[in-house]
Every structure is written in structure tokens, then in C-alpha cells.
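Along the sequence shown, the residues carry numbers beginning at 1. FYI, side chains are in, hydrogens and waters are out, and symmetry mates aren't considered; it's all heavy atoms of this structure.
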Amino acid sequence: MATVDWPALRAFSPARMRFGASTPKAAFSAMFTGQTQTISHSSDRLLCTITLPPCSRADAGLRESFFMSLASTGDWVRLWHRQRPAPLGTLRGSPTAQAAASAGARTLSVQTTAGATMLGGDILGVNGQLLIAAYAGATADGSGVMSLPLVLPIRAAISSAAALAWNAPTATWQLATDMIDFNYMAPALQDGMDIPLREVY
């Protein structure tokens, strides 16, 4: 299966985006106390739904061919967080992973410039995954090393010195449905549509 880029054409420009996470768990309650315990299945994944606005008949054909092909082939698509293309913190330049990090880790050591910041919700990209800074954010020390807490655990291992993207980093997604259809309105306008996506590796 191939990995393709989300098209940069007008027909694919979102009117709205829904973004979140799937965090599968098993839960059970104690017989006597009723206290509930949960166990993570360590399969957290990002979810994204792109809402496209109505479009003309000419653009409608492009949408049909692209999305029906994704549904049929199972190809993956690269897409960035359309609302936060760059960190609100001051981290810029060419950050790298200061040390290797294994899948499941919730902190990433980042080598950047002294005093650089990442705010809660800021995003870095590496190996086709988006790493979202936890609520508290982080600040690099005088040596430029930042211990960045993450919202979700790292899904794929990161090697030491791996380049980290901050400018519109992309994740890899697949269409989260095996059926897709298109609604038309007179005169020859395609209705708006929701495209559900799930992060994959």
C-alpha cells in the first residue's frame, strides 16, 4: 500500500476539523468497594475528521476519485493539524531527539536552543507521528535540552538525533471507514462531507 499527501487543491480545503484520540482500555470494578480500575491496551491513536464544504461539479469529480481510491486500496494519507501548523511556544530551528525513546514513553528529550519553549498542545513530528506537548509544556535548559512531556505515549520508537519537524508536521492516517458516498444538490453541486481518519503506522 502507498502513502500519499492530502491534496493541496481547493476541493480538499477543510471548512472544519475535529481532532482527538482513541485510548482503548479494559475496566473492572471491585466486588466489595465498587472501585473501578482501568488497564490501558497501549494502543492510543489520534483521530481526525475533516469536513469539506460543498463544491462544484468539476471539483466533485476530484473528490470522488481520491476518496473512493483510498477506500478501495487502503492507501494511507499524510496530513498535518490544520489549526496548529507551528508551535505557539518559541521552539524553532532544527530540533532533534537528544536521546532515543521507545514506544510507550510519555516524555521525549529534545535538543534545541537554550530557553526554547513548547506550550501545551504544541506539536512536533517524527517518523509519521505527531507528538503533542502535555498541558504543562516545557522549557529547554541552558544546554538546550528540553524534557518534553507528551499527551499520548510515543507510538513508534524514536532514534537518538532523529530530526523533529515543527513546521506543519504530518501524521500518517487511513480512512476510518470501508464505505464512502457523495451527496449531490441541484444544480450539480456536491454537498459537504465528513472524512473520518485514524492514525496508523
Atom of [X], atom of [Y] and distance for their closest heavy-atom approach:
{"X": "Asp141", "Y": "Ser143", "value": "OD1-N, 2.8 Å"}
{"X": "Ser159", "Y": "Ala97", "value": "O-CB, 3.6 Å"}
{"X": "Ile123", "Y": "Arg84", "value": "CD1-NH2, 4.0 Å"}
{"X": "Ala138", "Y": "Ser147", "value": "CB-O, 3.5 Å"}
{"X": "Ser43", "Y": "Arg198", "value": "O-NH2, 4.4 Å"}
{"X": "Ala105", "Y": "Leu150", "value": "O-CD1, 4.4 Å"}

Considering only heavy atoms from C-beta outward, does the side chain of [X] approach that of [Y] to under 4.5 Å?
{"X": "Thr113", "Y": "Thr90", "result": "no"}
{"X": "Val110", "Y": "Thr96", "result": "no"}
{"X": "Arg78", "Y": "Thr3", "result": "yes"}
{"X": "Gln98", "Y": "Met146", "result": "no"}
{"X": "Val126", "Y": "Leu108", "result": "no"}
{"X": "Met68", "Y": "Phe182", "result": "yes"}
{"X": "Arg57", "Y": "Tyr184", "result": "no"}

Report whether [X] and [Y] are members of the same hydrophobic cluster (ILVMFWY, side-chain heavy atoms less than 4.5 Å apart, transitive linking).
{"X": "Leu52", "Y": "Met17", "answer": "yes"}
{"X": "Ile50", "Y": "Phe67", "answer": "yes"}
{"X": "Phe12", "Y": "Ile180", "answer": "yes"}
{"X": "Trp80", "Y": "Leu152", "answer": "no"}
{"X": "Val4", "Y": "Leu62", "answer": "yes"}

Rounded to the nearest 0.5 Å, what's the gap from [atom1] on [X] to [atom2] on [Y]? Could you check?
{"X": "Leu197", "Y": "Trp76", "atom1": "CG", "atom2": "CH2", "result": "13.5 Å"}
{"X": "Thr49", "Y": "Arg16", "atom1": "OG1", "atom2": "CZ", "result": "10.0 Å"}
{"X": "Glu199", "Y": "Cys48", "atom1": "CD", "atom2": "SG", "result": "10.5 Å"}

Check: Got a sec, which residues hit side chain to side chain contact (heavy atoms under 4.5 Å, CB included) with Ala11, two or more places apart in sequence or on another chain?
Finding: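 By the side chain to side chain contact (heavy atoms under 4.5 Å, CB included) rule, Ala11 matches Asp59, Arg63.
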Notebook entry, point to check: Just wondering, are more than 12 heavy atoms of other shown residues or ligands nearer than 6.0 Å to CZ in Arg92?
Noted result: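 Yes, enclosed.
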Notebook entry, point to check: Which ILVMFWY residues can you reach from Leu119 by hopping between side chains whose heavy atoms are under 4.5 Å apart?
Noted result: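 Other cluster members: Leu88.
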Notebook entry, point to check: Does Tyr135 sit in a hydrophobic cluster with other residues, and if so which ones, taking ILVMFWY side chains as linked at heavy-atom separations under 4.5 Å, directly or through other members?
Noted result: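 Members other than Tyr135 - counting any ILVMFWY side chain reachable under 4.5 Å - there are none.
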Check: Aromatic rings Phe66 and Trp6: how do their planes relate, parallel, tilted or perpendicular, breaks at 30° and 60°?
Finding: perpendicular
Margin query: Show, in sequence, the C-alpha distance, side-chain angles and deciding distance for Leu148 and Leu124, and conclude whether the side-chain contact (heavy atoms from CB on, under 4.5 Å) test is met.
Written below: CA-CA 10 Å; Leu148 182 65; Leu124 293 176; 3.9 Å; yes
Item checked: Candidates Leu46, Asp44, Leu47 - the one meeting side chain to side chain contact (heavy atoms under 4.5 Å, CB included) with Ser22 ->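 When Leu46, Asp44, Leu47 are each tested with Ser22, the side chain to side chain contact (heavy atoms under 4.5 Å, CB included) holds only for Leu47.
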Checklist line | Candidate pair Thr139 and Thr117, rule side chain to side chain donor-acceptor pair (under 3.5 Å), full reasoning | finding: CA-CA 4 Å; Thr139 301; Thr117 61; 5.8 Å; no
Which donor-acceptor pairs under 3.5 Å do the side chains of residues 127-134 make with protein atoms, sequence neighbours left out?
residue : atom : partner : partner atom : Å
Asn127  : ND2  : Ala157  : O            : 3.1
Gln129  : OE1  : Arg155  : N            : 3.0
Gln129  : OE1  : Ala156  : N            : 3.4
Gln129  : NE2  : Ala156  : O            : 2.8

Note to self: By the side-chain hydrogen bond (donor to acceptor under 3.5 Å, both in side chains) test, which pairs, at least two apart or in different chains, include something from residues 166-182?
What the structure shows: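 Every pair satisfying side-chain hydrogen bond (donor to acceptor under 3.5 Å, both in side chains) with a residue in residues 166-182: there are none.
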Note to self: Once salt bridge (Lys or Arg N to Asp or Glu O under 4.0 Å) is applied, do any residues pair with Asp122, and if so which ones, sequence neighbours excluded?
What the structure shows: none
